[in-house]
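To keep things clear, I will list the structure first and then write my remarks on it.
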Amino acid sequence: MPASSAAAREQIWNQAQLQNRVQTPAFRMWRYRLPAVVLGYSQRRLMQEVDARTGLEVLRRDSGGGAVLTGPWMLGLSVALPPEHALLGTEPDR
């Protein structure tokens with residue numbers, strides 16, 4: 001992943017948050033200078049096809065989810081919460 005784009009730095013930040021159990025809430029806002037496509041983990045087999053069809057930077061989000069388009073017209077938000085955080089609305093398995 002080229003760490004030069006905001007979309008790539010966002011995915012690196014997200015991966016770092018998920019390396020260990022999240023202990024305290026953290027968030028980061030992102031502004032994108034260039035458009036990019038971020039695919040969910042299960043869509044990784046589509047990376048080459050999306051790259052060939054769009055010519056945009058194509059990244060994979062290891063946490064899953066569907067495809068997301070980023071670009072200068074958007075503001076991104078990454079949030080990492082501990083499993084027991086009230087905003088999650090569920091009790092973690094213990």
Side-chain angles (χ1 to χ4, degrees):
M1 229 183 291
S4 58
S5 75
R9 289 191 307 273
E10 177 182 17
Q11 297 316 307
I12 292 168
W13 187 89
N14 290 341
Q15 283 180 317
Q17 301 310 303
L18 297 174
Q19 290 297 317
N20 298 302
R21 186 176 190 273
V22 176
Q23 299 293 321
T24 58
F27 75 94
R28 183 103 189 253
M29 296 182 80
W30 306 94
R31 291 179 62 192
Y32 313 99
R33 288 180 47 185
L34 299 170
V37 177
V38 183
L39 299 176
Y41 183 78
S42 65
Q43 298 169 319
R44 65 189 176 280
R45 61 180 165 53
L46 301 173
M47 287 185 76
Q48 289 181 335
E49 181 182 347
V50 172
D51 182 44
R53 288 182 179 220
T54 67
L56 300 175
E57 179 179 24
V58 181
L59 304 162
R60 186 186 77 219
R61 182 179 50 259
D62 287 338
S63 60
V68 174
L69 179 63
T70 68
W73 58 89
M74 299 184 76
L75 177 65
L77 175 64
S78 295
V79 178
L81 296 172
E84 65 278 353
H85 197 281
L87 287 176
L88 295 176
T90 60
E91 294 224 4
D93 294 335
R94 296 194 182 181

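Both L56 and M74 are members of a single hydrophobic cluster when ILVMFWY side chains are connected at heavy-atom separations under 4.5 Å. No continuous path of hydrophobic side-chain contacts links W73 to M29 [ILVMFWY only; heavy atoms under 4.5 Å]. Connection of L59 to L69 is not established within any shared hydrophobic cluster, with ILVMFWY side chains joined at heavy-atom distances below 4.5 Å, either directly or through further cluster members. Under the 4.5 Å side-chain heavy-atom criterion for grouping Ile, Leu, Val, Met, Phe, Trp and Tyr, L88 is connected to F27 within one hydrophobic cluster. Residues L87 and V79 are members of one and the same hydrophobic cluster, defined by side-chain heavy-atom contacts under 4.5 angstrom among Ile, Leu, Val, Met, Phe, Trp and Tyr.
Closest approach of W13 to W30, counting heavy atoms only: CB-CZ2, 3.7 Å. When every heavy atom of Q43 is checked against every heavy atom of G65, the shortest pair comes out as OE1-O, 4.0 Å. Taking both residues in full, the closest heavy atoms of R44 and R60 are given as CB-CD, 3.5 Å, listed atom of the first, atom of the second, then distance. Nearest approach of Y32 to A6, heavy atoms of both residues: CD2-CB, 3.9 Å. Minimum interatomic distance between P82 and P25 (heavy atoms only, all atoms of both residues): CD-N, 3.9 Å. For the pair V58 and M47, the tightest heavy-atom approach, listed with the atom from each and the gap, is O-CE, 3.5 Å.
R28 meets the side chain to side chain donor-acceptor pair (under 3.5 Å) test with no other residue; sequence neighbours excluded.
Rounding to the nearest 0.5 Å places CD of E10 at 9.0 Å from CG of L77. Annotation: the span from R61 atom CZ to S78 atom OG amounts to 9.5 Å, rounded to 0.5 Å.
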With side chain to side chain contact (heavy atoms under 4.5 Å, CB included) as the criterion, how do R31 and L75 come out once you've worked through the C-alpha distance, each side chain's angles and the decisive distance to 0.1 Å?
CA-CA 5 Å; R31 291 179 62 192; L75 177 65; 3.7 Å; yes
Would E57 and L34 count as a side chain to side chain contact (heavy atoms under 4.5 Å, CB included) here? Give the steps.
CA-CA 9 Å; E57 179 179 24; L34 299 170; over 6 Å; no
Any chance you could lay out the side chain to side chain contact (heavy atoms under 4.5 Å, CB included) test for L39 and L46, step after step, and finish with the verdict?
CA-CA 8 Å; L39 299 176; L46 301 173; 4.3 Å; yes
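Residues V22 and H85 fail the side-chain proximity criterion, which asks for heavy atoms closer than 4.5 Å.
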